[in-house]
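Structure, as structure tokens:
Note that the coordinates shown come from a computational prediction; the quantities given were computed from them, not determined experimentally. Here is how names work: the chains are called A, B, and so on, in the same order as the sequence lines, proteins then strands, and each is numbered from 1.
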Amino acid sequence: MHTFRRLMKIRTASAGLVMVAVLAVACTLLPPLLPYDPLEIDLHHRFLPPLSGGHVLGTDEIGRDTLVRLLAGARTSLLIGLSAMVLSTVTGCLTGGLTGFHGGWTRRVLMRIVDSVLCFPTIFLLLTLASFGQPGAPTIVGIVSLVAWMEVSRVVDGQVRALRGREFVIAVEAMGASGVHMLLRELLPNITGAIIVVSTLNVARAILMEAYVSYLGNGIQPPQPSLGAMLNDAQEYLRPDPWLAILPGLVIAIAVIGLNFVGDGLRLAVDPRQGRRA
Amino acid sequence: MADPTAPLLDVRNLTKIYPRRKGLFGKGDDFVALDDISFTVARGEVLGIVGESGSGKSTAGRIAMDILPRTSGQVLFDGVDPDGMDRRQRRAFRRRAQMIFQDPYASLNPRMTVEQLLRTPLALHGLTAGPAEDRRKLVAALDLVGLPETLLNRYPHEFSGGQRQRINIARALMLDPALVVADEAVSALDVSVQAQVVNLFMDLRERLGIAIVFIAHDLPVVGVISDRIAVMYRGRIVELGETVAMFTRPRHPYTAMLLNAAPAPDSAPAGPMAARLPAEETDGAGGCAFRPRCPFAIAACATGKPPVRMLEGGHMTACLRDELVIDGPLAGQSCR
């Protein structure tokens, strides 16, 4: 609770939280209240500009309501972001915890693998992986996690290693604590802050990655709405109907900027010592 | 179990060498942290270990607690070496021997309340006996170290250094230990708080009969609490003996220097003893390690490590010069 209060004192973080919350609430509660379906085609009302013909944000090239599609796309993005975050956090904590705690050869091997994979530009790695799988949400979650867990693993590994030699850990070791106890009860609770920060930023990254992949056609498949795919569709009509590109871009920006603000704010808020100084 | 007259802790010929390599293929240049040290701690006894930083005193304590591997030598706790203990013996060892660290803040998990901190040892050893009974134990332990039970829900950062060290001590007491190794347990505290915590240790020893290995760099503080004192210099024990005997007539010039380093209200300005060289690496290669700083060094001190000599009353010294008479702060007082 203290953490939350400190978080709200950071202006950017509270703004970010509001942005993400509004987006999340809107895309869960709003769609049932709107009279349109994201897949409903209406060829009589194509390219309606915003605030016309009963469509708040207008319609696209085949007359589908932009607002409903945006909300559905944002919902997919957020869900993919959250699932990828959970998957990568769990994997990253397990691997990073083990390597950081035991060190030795397991650590050297695993961290070298992580290093070498992180050498590849993420986008290309993502696209290569995506071309192997069945396009769709689960595949995106899988490949995004495949990239994101390494970041978590590295952070957890480093933190665990730094804390492993600290006196409070040695103190319980001298009392007869097992490795599992030290890792779960003493070490991980002390690095939740770092984990939460990386995880939050990972949600933002996952959303961005989903947009890339869908934009390039390997992600969410039409006619299902996706922010990235909507951007791609809008390309052809950029000159006459720019809002078709601006709106999905704006939603991606709101989600990613909001989450990054929250992540950066958390970095300060979770560490009580830093918070006091700030 | 073991013979009650046998020492509780018996450390024999302990050696710890840290291999150092220069560069990737460089030649080994070993750092000897402990050089063949031996000491015993009887049941209920307080043994002080003093020495400057880097003398190996903490290393000795940590090896005795089996949280640091040794190069060679033996540690016998109740006649059994922790290195060769089976699961059950090891569990008992971890319960009966407890350690208290220098930094009272760093040794408490900052995310746990006092209650959680004190419950941990009980949980680790399967000694929980229901919430009410456990709580009674926690309160009793806090009471022993002079803290009120209202603190149970507070976090370590809410306490002062002295209170934190009391919490550490309370935690060590949760398991009814026979031995407590206090590694610089009062060194990080203010002088007045130091006195309170030292008094607490003395009180606990008296009330609970716990044997204590009291490691510190401040000889006068160690002298207050210890029955016997081991003085360490560069990984060796240079003098070991009863506190009173050592304070009356130190048998090693280094001990004398430590005793005189403490300013007494009526003491004359320190003489040649205070002319200390910086503790640089020239450790009198081959001879006595203390030779470069010793005002009493003779030619023989440069040839070979001085052997440990046994004197009357179990007193030991690693100084060649038997005829040397240096007055300690208790010299001339009739408390022989």
Side-chain angles (χ1 to χ4, degrees), chain A residues 1-7 93 97 100-104 108 112 155-156 159-197 266-278, chain B residues 58 61-68 82 85 87-112 116-127 155-158 164 167-169 171-175 177 179-181 183-185 188:
Chain A
M1 226 50 236
H2 291 281
T3 310
F4 185 72
R5 224 173 291 147
R6 273 197 299 273
L7 184 67
C93 283
F101 192 79
H102 286 298
R108 267 177 243 175
R112 286 306 83 78
V155 169
V156 174
Q159 297 272 333
V160 166
R161 265 163 64 82
L163 291 182
R164 174 69 182 89
R166 287 270 295 275
E167 285 188 343
F168 71 86
V169 183
I170 301 196
V172 290
E173 187 181 13
M175 266 181 251
S178 62
V180 176
H181 174 96
M182 283 190 271
L183 194 57
L184 295 183
R185 296 276 294 143
E186 310 288 335
L187 292 168
L188 284 184
N190 275 291
I191 59 174
T192 38
I195 297 173
I196 289 173
V197 172
L266 277 172
R267 202 193 295 273
L268 292 174
V270 287
D271 191 340
R273 279 148 296 185
Q274 270 186 27
R276 217 176 294 143
R277 234 181 285 136
Chain B
S58 291
R62 287 183 182 217
I63 293 178
M65 287 296 297
D66 200 37
I67 50 178
L68 196 68
M85 283 180 176
R87 256 181 110 80
R88 194 182 50 81
Q89 285 173 317
R90 205 170 171 74
R91 241 181 130 64
F93 169 68
R94 288 288 182 224
R95 185 172 59 75
R96 299 189 59 221
Q98 294 295 316
M99 184 151 191
I100 292 164
F101 293 86
Q102 168 169 17
D103 184 340
Y105 188 52
S107 46
L108 296 171
N109 186 337
R111 299 282 154 129
M112 288 192 180
Q116 289 170 315
L117 284 164
L118 296 186
R119 271 182 200 281
T120 302
L122 292 180
L124 285 175
H125 288 270
L127 297 172
Y155 286 89
H157 70 85
E158 300 177 53
R164 284 175 197 152
I167 295 168
N168 271 316
I169 296 168
R171 177 169 65 169
L173 295 178
M174 292 305 295
L175 296 171
L179 174 73
V180 169
V181 175
D183 183 4
E184 300 264 19

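Between chain A and the options B:Q102, B:R171, B:R62, the largest number of non-hydrogen pairs under 4.5 Å is found for B:R171. Ranked by non-hydrogen atom pairs under 4.5 Å with chain A, the options B:R91, B:M99, B:Q98, B:M174 are led by B:Q98.
Residue-level contacts of residues 171-181 of chain A with chain B, in order of numbering, are A:A171, A:V172, A:E173, A:A174, A:M175, A:G176, A:A177, A:H181; threshold 4.5 Å between heavy atoms.
With a 4.5 Å cut-off on non-hydrogen atoms, B:M112 touches chain A through its side chain but not through its backbone. Only the side chain of B:I67 comes within less than 4.5 Å of a heavy atom of chain A; its backbone N, CA, C and O stay farther away. For B:R90, no part lies near chain A; criterion is any non-hydrogen pair under 4.5 Å. Neither the backbone nor the side chain of B:A123 comes within less than 4.5 Å of any heavy atom of chain A.
The two atoms that bring A:I170 and B:F101 nearest to each other are CG2-CZ, 3.7 Å, heavy atoms only.
Between the CE atom in A:M182 and the CG atom in B:N109 there is a gap of 12.5 Å [rounded to 0.5 Å]. Here CG of B:N168 is found 9.0 Å from CD of A:E167. Values are rounded to the nearest 0.5 Å. Atoms CZ and CD, from A:R185 and B:Q116 in turn, are 6.0 Å apart once rounded to the nearest 0.5 Å. Rounding to the nearest 0.5 angstrom, the gap separating the CG atom in A:L188 from the CZ atom in B:R111 is 12.0 Å.
Around atom CZ of A:R164, more than 12 heavy atoms belonging to other residues, nucleotides or ligands sit under 6.0 Å away.
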